[in-house]
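I have placed the structure first, in the form of structure tokens, so that the comments after it can refer back to it.
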Number of protein chains: 2
Amino acid sequence: MTMSNTGGRRKPPTIHDVAREAGVSRGTVSRVLNGGHYVSPAAAQAVDAAIRKTGYVVNRHARSLITGRSDSVGFLLTEPQERFFEDPNFNVLLRGCTQALAAHDIPLLLMIAGTQDERRRIVRYITAGHVDGVLLVSSHSGDPVAEELRAAGVPLVACGKPIGLGSKVSYVAADDRDGARDMVRHLLDLGRRRVGVVTGPLDTPGGVERLAGYQEVLAEAGLEADGRLVVSGDYSRASGEAGAERLLARAPDMDAVFVASDLMAQGVLTALHRAGRRVPQDVAVGGFDDSPAAVATSPRLTTIRQPWDRISAEMVRVLLARIGGEEPAAVILPTELVKREST
Amino acid sequence: MTMSNTGGRRKPPTIHDVAREAGVSRGTVSRVLNGGHYVSPAAAQAVDAAIRKTGYVVNRHARSLITGRSDSVGFLLTEPQERFFEDPNFNVLLRGCTQALAAHDIPLLLMIAGTQDERRRIVRYITAGHVDGVLLVSSHSGDPVAEELRAAGVPLVACGKPIGLGSKVSYVAADDRDGARDMVRHLLDLGRRRVGVVTGPLDTPGGVERLAGYQEVLAEAGLEADGRLVVSGDYSRASGEAGAERLLARAPDMDAVFVASDLMAQGVLTALHRAGRRVPQDVAVGGFDDSPAAVATSPRLTTIRQPWDRISAEMVRVLLARIGGEEPAAVILPTELVKREST
DNA sequence: CTGAAAGCGCTTACAG
DNA sequence: CTGAAAGCGCTTACAG
């Protein structure tokens with residue numbers, strides 16, 4: 001009875017079955033499996049046929065045992081879980097990485113380091129060699145997990161430039177400063193002159209660089225820097241809302257805001273609406289990310305598109321190269337202004 | 001040069017090193033590792049000490065090769081990717097499952113079946129035995145992947161009752177009908193009499209059952225069923241918005257809406273707002289899920305809480321039991337009305 | 001309770 | 001180009 005279902009899983013064919021079927025040795029089958037070098041066309045063909053006939057699939061454990069590779073990678077999230085729950089950017093990234101890895105037949109192990117305990121367990125798991133490398137998503141500086149992994153020599157590639165890890169770690173990022181410049185220039189082109197900004201956390205590159213881009217463009221336009229127009233958030237919707245309220249209180253004549261993330265921009269829209277300001281007539285709002293959040297608002301957000309597909313594809317490419325022995329590399333991808341109704 | 005970083009990964013200690021250090025055989029070390037049965041206290045202690053001293057961590061590939069288990073499970077998402085990007089429920093579930101599995105030292109492999117090609121690859125991967133079982137998230141009926149896996153005898157547990165798979169597959173679900181009943185009763189208790197509903201897709205249990213709960217309570221209250229008050233959505237925000245517009249057009253006197261998901265309720269709020277209806281004064285809005293989306297709106301949503309933590313914990317528990325040879329089981333968990341400002 | 005031994009399914013020098 | 005053989009690190013009957 002108990003077997004009726006699970007009994008469906010028979011012992012799968014091994015390389016030995018394929019070898020016998022093809023009339024060759026197991027070594028030859030293995031060579032075909034691993035690129036087909038040093039194999040005669042005839043043998044290769046016989047093996048291919050035998051594989052199809054037997055339905056053979058390689059046993060990854062046996063392979064890993066001997067190669068020392070796991071042929072899997074970890075996707076490590078060290079963000080506070082509220083952000084993970086709230087920000088659709090993670091989903092986009094996760095989807096992109098899963099897809100890019102699938103093309104290489106490499107499974108993605110999801111690791112979420114919320115508590116201290118989880119952090120420890122995950123570091124132990126990774127440094128034990130259970131994954132070949134790690135895709136790291138953690139924006140904040142001084143991440144102890146990242147540093148531990150780097151020190152242990154684990155191949156790593158971060159999403160966004162990791163502050164405080166030196167140049168020894170690979171990363172893929174959008175051109176934050178340039179993106180911010182594009183948005184602020186766009187706002188100025190619209191004729192706005194009192195442009196506020198809600199930055200990201202200033203211990204993240206996105207926080208620092210997007211602010212820098214804002215400041216540069218204002219200076220180039222000959223507008224004086226006004227501290228009342230600058231507030232910081234933590235990328236959460238709530239912090240955007242609170243930030244807009246502070247801006248409104250300090251600079252009621254503000255006619256535009258550049259917000260360093262779409263999620264915060266959602267909060268800004270809420271606060272503006274409550275304050276009776278029309279968007280974009282009274283205040284133009286520009287976001288950053290072009291995440292799914294950007295089209296969930298009304299009006300929909302003008303924003304700076306981060307090329308998530310390319311970001312995830314590059315993260316995977318760089319990680320696999322790193323696993324293959326290449327030196328660390330940084331990849332900076334261009335952004336794009338997406339014009340919608342909020343400006 | 002190339003070695004400078006990756007060279008940090010030395011050959012890790014094996015069971016052999018531990019055995020030598022502890023002065024016992026490898027078999028004894030293995031026995032300690034696997035529960036400590038048939039091992040003398042003295043030997044166990046020596047082995048434990050040797051493990052700590054050497055920093056030994058089991059090589060999972062070697063273990064799997066012999067046990068035939070992979071000691072990992074897949075988390076399979078067969079939803080259209082838009083839903084995955086938009087709906088924070090997935091994140092909550094993913095987080096919960098990862099956490100529950102981590103307690104068992106079992107990694108979660110994320111699998112996203114968007115395209116036909118991905119579907120095929122994933123089925124091949126799973127049926128090859130690369131994971132011991134699968135946590136399945138796919139609300140729609142007639143999912144071919146689910147059926148293929150079930151037929152192949154892969155241990156499976158679904159989130160929500162899988163329509164069309166018969167009773168042969170385990171699942172964990174919230175009590176949809178009861179939750180819907182609670183919400184509609186709450187609306188009636190508020191004095192509302194023209195209560196509309198935006199259902200989920202009617203080929204999902206959540207769609208069918210929540211509608212049934214709505215209908216039951218109205219009937220019990222002696223209110224006549226009015227088809228103009230019933231529209232269906234697909235759980236997306238946009239479909240909620242469109243649904244509310246249709247309701248408003250067909251039943252302008254509507255004074256409450258029960259919406260079968262928080263995300264759709266977000267859309268309903270947008271449409272209501274645009275139509276100049278105040279919430280909750282003119283129209284009370286009740287959601288379902290208590291997802292992070294419920295507190296991102298203004299006013300925040302009164303909703304039916306699905307116990308996500310328990311759902312994910314139970315999914316993992318049931319799956320591990322199933323992998324261990326137990327028969328399929330269904331677990332239905334109670335919901336709870338969460339009162340906020342939208343009613 | 002414990003050790004010696006077989007074997008899981010693969011890859012990879014090594015000879016030819 | 002190909003086969004025979006060793007060995008990856010573990011678990012598990014089998015004898016004691």
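Labels below follow one simple rule: chain letters A, B, ... track the order of the sequence lines, proteins then strands, and each chain is numbered from 1. Values below: all heavy atoms of this structure, side chains included; hydrogens, waters and symmetry mates excluded. Computed from a predicted structure; not experimentally measured.
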Can you list the residues that meet the salt bridge (charged side-chain N to carboxylate O under 4.0 Å, His left out) rule with B:Glu148, with sequence neighbours excluded?
none
Output yes when a side-chain donor or acceptor of A:Arg119 lies under 3.5 Å from a complementary backbone atom of A:Gly114, and no otherwise.
yes
Does a side-chain N or O of B:Ser40 approach OP1 or OP2 of C:dC1 to a distance below 4.0 Å, or not?
no
Applying salt bridge (charged side-chain N to carboxylate O under 4.0 Å, His left out), name anything that partners B:Arg317, two or more places apart in sequence or on another chain.
B:Glu314
According to salt bridge (charged side-chain N to carboxylate O under 4.0 Å, His left out), does anything in residues 62-75 of chain A pair up with another residue at least two apart or in another chain? List the pairs.
A:Arg69-A:Asp71
Please name all residues satisfying salt bridge (charged side-chain N to carboxylate O under 4.0 Å, His left out) with A:Arg20, sequence neighbours left out, ordered by chain then number.
A:Asp17
Using a 3.5 Å limit on both distances, find every run of at least three consecutive Watson-Crick or G-U pairs that involves DNA chain D.
C:1-3 with D:14-16, C:5-12 with D:5-12, C:14-16 with D:1-3
Nucleotide-resolved protein contact map, nucleotides 8-16 of chain D, B/S/- at heavy-atom distance under 4.0 Å:
BBBBBB---
Residues passing the salt bridge (charged side-chain N to carboxylate O under 4.0 Å, His left out) test with A:Arg26, sequence neighbours excluded, are none
For D:dT12 versus D:dG16, give the span between their C1' atoms, rounded off to a whole number of Å.
16 Å
Indicate every side-chain donor-acceptor pair of residues 97-112 of chain B with a distance under 3.5 Å to a residue at least two apart or in another chain.
residue	atom	partner	partner atom	Å
B:Thr98	OG1	B:Leu94	O	2.6
B:Gln99	NE2	A:Glu118	OE2	3.4

Name every donor-acceptor pair, under 3.5 Å, that has one atom in a side chain of residues 35-50 of chain B and the other anywhere in the protein, sequence neighbours excluded.
residue	atom	partner	partner atom	Å
B:Ser40	OG	B:Ala43	N	3.2

